[in-house]
4 protein chains.
Amino acid sequence: MSKYDQLKQEAYEANMQLPELGLVLFTFGNASAADRTNGVFAIKPSGVPYKDLKPEDMVIVDFEGQRVEGKMRPSSDTLTHAVLYKNWKEIGGIVHTHSTYGTAWGQAQKDIPILGTTHADHLTVDIPCTLPMSNEMIKGDYEYETGLQIINEFVKRGFSYTEVEMIILGNHAPFTWGKTVQKAVYNSAVLEECAKMAYLSLMINPKAPKLKDTLIEKHYQRKHGANSYYGQE
Amino acid sequence: MSKYDQLKQEAYEANMQLPELGLVLFTFGNASAADRTNGVFAIKPSGVPYKDLKPEDMVIVDFEGQRVEGKMRPSSDTLTHAVLYKNWKEIGGIVHTHSTYGTAWGQAQKDIPILGTTHADHLTVDIPCTLPMSNEMIKGDYEYETGLQIINEFVKRGFSYTEVEMIILGNHAPFTWGKTVQKAVYNSAVLEECAKMAYLSLMINPKAPKLKDTLIEKHYQRKHGANSYYGQE
Amino acid sequence: MSKYDQLKQEAYEANMQLPELGLVLFTFGNASAADRTNGVFAIKPSGVPYKDLKPEDMVIVDFEGQRVEGKMRPSSDTLTHAVLYKNWKEIGGIVHTHSTYGTAWGQAQKDIPILGTTHADHLTVDIPCTLPMSNEMIKGDYEYETGLQIINEFVKRGFSYTEVEMIILGNHAPFTWGKTVQKAVYNSAVLEECAKMAYLSLMINPKAPKLKDTLIEKHYQRKHGANSYYGQE
Amino acid sequence: MSKYDQLKQEAYEANMQLPELGLVLFTFGNASAADRTNGVFAIKPSGVPYKDLKPEDMVIVDFEGQRVEGKMRPSSDTLTHAVLYKNWKEIGGIVHTHSTYGTAWGQAQKDIPILGTTHADHLTVDIPCTLPMSNEMIKGDYEYETGLQIINEFVKRGFSYTEVEMIILGNHAPFTWGKTVQKAVYNSAVLEECAKMAYLSLMINPKAPKLKDTLIEKHYQRKHGANSYYGQE
């Protein structure tokens, strides 16, 4: 028994959803869930196949990236998660995948343009894709720098991490987050679907225009605004 | 017990088919079934995951969009359904999805051209895609205006809603309908398959010509004409 | 009990494989199996969903297209099957699908070029795609003319139906056949896979050359030649 | 009972994974596992459908390609496996598939460019694609020459087979290998995923640049280098 059993269970279930949603092959992804009271998060151990994963395998790590509980080595991306949790106080879950279409946009080094209401139901801007990291950052503390790069990209673009809950690392792959790890998983699937739809739209019509502002506003607000009327009260 | 139990069951089953047919991700879709005698329809509650859905969750709404029975908030697209039921007296079911290929054509703002007999087995014209809605309509009663836009598009094109049972909203996604909600679900899958086939055809041959009139006529008539010989008598 | 029970079972199982192999949506396909001794074939009834199909529903038809046994109306494509069985004495099964990639090539009105050994393992030429049928043929006995068109295409190209067991009808969809209906089903899946691979190859490299003659010969002969060494003796 | 029972079981399980991972249609693939002590490998029998395969069906063959044990004819690609085992002393398993995207790159006669970290997590160079084989080699001992062609391609490029565990035969399809047959299966799935991602990336951005050297180095080393920190210790 551990005081983190529930947190581990939550992280475990989120990790298991990734292959079910078709978002990861083998071990190409990880999810974590944070406990803000205790200043820790539970994350997938590194390189363990999903089919062998058990809730108790989740590793408990603090926001400096130090292991607090657990016998296994945490995900190699753990420091990226830690940096985001430390700096963005309102997020409770993070997911990293190499989902096929999202990763392809990252390899193409392009933002995913906002072309329709499926996208606008979730965010009002293009899904951001960073430039490849500088050589200095890569050769430094790579996973820590990856977290900083995400935060800096948001500063540079003037984005709020509570409104835009996803990013694609150039040449790498998507990261998503949310108030809960369930929301972060949901956002990973939304990113992948928007990535596929935008790809197909531009193949059909390379001049497909961006969604007009009024439609962006309408769809985002009806789901997320003060007077939203989507979902149950 | 409610006098609408059967109607709810019908709407419920249609909604459950949408993820089974691969037409919706999460809650990105809804189906409704009408009871013309009582002037109401049963529709999916807003934002409830398909796996949690139960027949008794369906909300009963009249053709003005007013809730008649049910504790939950109906789909945010309810007014669009209501407008269509009110104006098109012969339809008994409506389905809205954000199916991947159909939505991509909507984002590309292009009609799906009639390129083969798979398409002509179901309709004799390109699958219509509307222009994006005007700012006035978007800022007005959006979902009500969406219904009007569909009806106006059919008037403008001179289409019959009993012959053409599908449309794509520009920048948004498909709506389909039919005499029954089962037929509307079927039409959603047909639209998605035609959308995918047309996409691939134009990638292989950007100059692929439209289907010739005689083949359109032959395939449509053998399935839907007075002397049709498809299916069982 | 009927003397055709085994034939019906064979046709039934072949039809059921089509949705399992992802080759048909709803009722968009049919398979038939011939009994050469009695000069008949068993074919799927028209418009019956695969999930409702039972072996005893198969309809027995002679090579003139006349129903010999069975209460249901046979597939609307029955006359095409009949023409092929009547003219091509060595085939024992026929399959028609609207499989996605194969149909896209038909809509593009292009032969599927032989680009690799996957294709050459099964046939030594491009998978033929006919021109759209003439208006006279369409307005005539359409399904009968469809059968004639297939046969004429083979005469025109100098193809042997025992070596090339597949064709795509321009603007329509694939037909495949073989010594048995199992082989015809197999060929439908092979056509779909070759269609997808050729599509992707030409997207990656629009100038991808055709497979060289020596490789075509080698792969075809090792599987089908007098000294074949593929499979068990 | 045979002293090769465990080897057969290992080869059998690897073969069964291929259709589960969506890497083969029908019998279009084969896996083998080597026993270095006894100088033999177990390989799939030729042309036997995966659903009928049993562990005891695996055929034991020596590194000259001679059958040592088993009643069935081994895979028609057996000599290619034998040549690789004989020349590359450190490999313990080989897999050959006609996986869709990997084969499409082979038909396009193009190396799969290294565009992202998913690729760099596994190898530091483009996935090599050979030229089509010369007519002399094709007309000679084809499968033996195929093995030689793979080895010569590695010599020509200066690649190490312990670092680059995959190749695509031009106009044909992928071969992968590894210390164990499990690793070879894993590599086949990795190749297919990289093939799909590279395809999509270049469709989105035909000028997508190759991954920068520092990122290649970082991702490869953190998984495979002396100081790797991926996976469990």
Side-chain angles (χ1 to χ4, degrees), chain C residues 17 20-23 99-101 112-122 126 182-183 185-225 227-233, chain D residues 22 24-29 45-49 52 57 59 71-79 97-113 129 131-140 142-143 145-146 168-173 195-196 198-200 202-203 206:
Chain C
Q17 279 185 276
E20 278 166 33
L21 286 163
L23 298 172
S99 65
T100 309
Y101 286 84
I112 302 177
I114 182 165
L115 298 176
T117 62
T118 319
H119 186 133
D121 281 336
H122 300 96
D126 296 349
Q182 270 78 27
K183 184 70 192 308
V185 169
Y186 172 90
N187 284 334
S188 283
V190 165
L191 182 150
E192 182 66 2
E193 185 66 15
C194 288
K196 186 170 185 184
M197 284 179 174
Y199 163 73
L200 292 169
S201 304
L202 292 172
M203 297 301 285
I204 295 169
N205 181 2
K207 297 184 175 175
K210 291 208 187 176
L211 192 61
K212 54 199 291 185
D213 287 342
T214 45
L215 264 177
I216 292 176
E217 194 63 15
K218 179 67 200 177
H219 269 262
Y220 190 74
Q221 292 301 329
R222 78 172 188 165
K223 229 173 161 171
H224 307 279
N227 300 310
S228 76
Y229 48 93
Y230 184 88
Q232 300 304 316
E233 284 152 292
Chain D
V24 303
L25 174 69
F26 298 127
T27 60
F28 304 0
S46 182
V48 176
D52 300 336
D57 295 337
V59 186
K71 279 165 292 187
M72 295 216 220
R73 187 146 66 174
S75 163
S76 58
D77 296 305
T78 294
L79 268 183
T97 78
H98 286 222
S99 66
T100 309
Y101 287 84
T103 302
W105 281 92
Q107 296 190 160
Q109 300 188 1
K110 299 244 180 229
D111 294 354
I112 302 177
C129 176
L131 289 176
M133 216 176 268
S134 73
N135 290 344
E136 289 64 37
M137 290 169 83
I138 293 166
K139 289 176 181 169
Y142 178 63
E143 290 79 13
E145 296 286 354
T146 299
I168 301 172
L169 295 171
N171 291 131
H172 189 162
K196 186 171 184 183
Y199 162 73
L200 292 170
L202 292 172
M203 297 300 286

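Numbers restart at 1 for each chain; the letters A, B, ... are given by sequence-line order, proteins then strands.
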Check your understanding: Pick from C/P209, C/A198, C/A208: which one has the most heavy-atom pairs with chain D under 4.5 Å?
Key -> C/P209
Check your understanding: Atom CD1 of C/I204 and atom CH2 of D/W105: how far apart are they, to the nearest 0.5 Å?
Key -> 5.0 Å
**Study point:** Top contributor to chain D interface from C/L215, C/V190, C/L211, C/D213 [non-hydrogen pairs under 4.5 Å]
**Key:** C/L215
Revision key, fill the gap. Assert top hit (heavy-atom pairs under 4.5 Å, partner chain C, pool D/I138, D/L169, D/T27) equals D/I138
Check your understanding: Looking at D/A108 and C/S201, what are the two nearest heavy atoms and their distance?
Key -> CB-O, 3.8 Å
Review point. Going through the distances and angles, do D/K139 and C/E217 end up as a side chain to side chain contact (heavy atoms under 4.5 Å, CB included)?
Key: CA-CA 9 Å; D/K139 289 176 181 169; C/E217 194 63 15; over 6 Å; no
Exercise for review: Tell me, for C/H119 versus chain D, whether the close heavy atoms (under 4.5 Å) come from the side chain, the backbone, both or neither.
Suggested key: neither
Check your understanding: Stepwise, does the side chain to side chain contact (heavy atoms under 4.5 Å, CB included) test hold for D/T100 with C/Y199?
Key -> CA-CA 11 Å; D/T100 309; C/Y199 163 73; over 6 Å; no
Check your understanding: Using a cut-off of under 4.5 Å for heavy-atom pairs, which of C/K196, C/M203, C/R222 has the most such pairs with chain D?
Key -> C/R222
Practice item. Give a yes or no on whether D/K110 atom NZ has more than 12 heavy-atom contacts from other residues, nucleotides or ligands under 6.0 Å away. Key: no
Point to revise | Test item: C/K212 side-chain N/O and D/M133 main-chain N/O as donor-acceptor pair under 3.5 Å | key: yes
Review point. By a 4.5 Å heavy-atom criterion (distance strictly below it), what part of D/E136 contacts chain C: side chain, backbone, both, or neither?
Key: neither
Check your understanding: To the nearest 0.5 Å, how far apart are CE in C/M197 and NE2 in D/H98?
Key -> 7.5 Å
Check your understanding: Is there a side-chain contact between D/F28 and C/D121, using heavy atoms and a 4.5 Å cut-off?
Key -> no
Practice item. State, to 0.1 Å, how close D/Y142 and C/H219 come at their nearest heavy-atom pair, and which atoms those are. Key: OH-NE2, 2.6 Å
Review point. Are D/L25 and C/Y186 close enough that some pair of their side-chain heavy atoms sits under 4.5 Å apart?
Key: no
**Study point:** Gap separating the NZ atom of C/K207 from the CD atom of D/Q109, nearest 0.5 angstrom
**Key:** 14.0 Å
Study note, to complete from the structure: Applying a strict 4.5 Å limit to non-hydrogen atoms, the region of D/L202 in contact with chain C is neither
Exercise for review: Go through C/L21, C/N205, C/L115 and name the one with the most non-hydrogen pairs under 4.5 angstrom from chain D.
Suggested key: C/L115
Practice item. Below 4.5 Å from any heavy atom of chain C, which atoms of D/S75 appear? Answer side chain, backbone, both or neither. Key: neither
Practice item. Please report the C-alpha distance between D/T78 and C/Y229 in whole Å, then the side-chain angles of each, then the deciding distance to 0.1 Å, and finally whether the side chain to side chain contact (heavy atoms under 4.5 Å, CB included) criterion is met. Key: CA-CA 11 Å; D/T78 294; C/Y229 48 93; over 6 Å; no
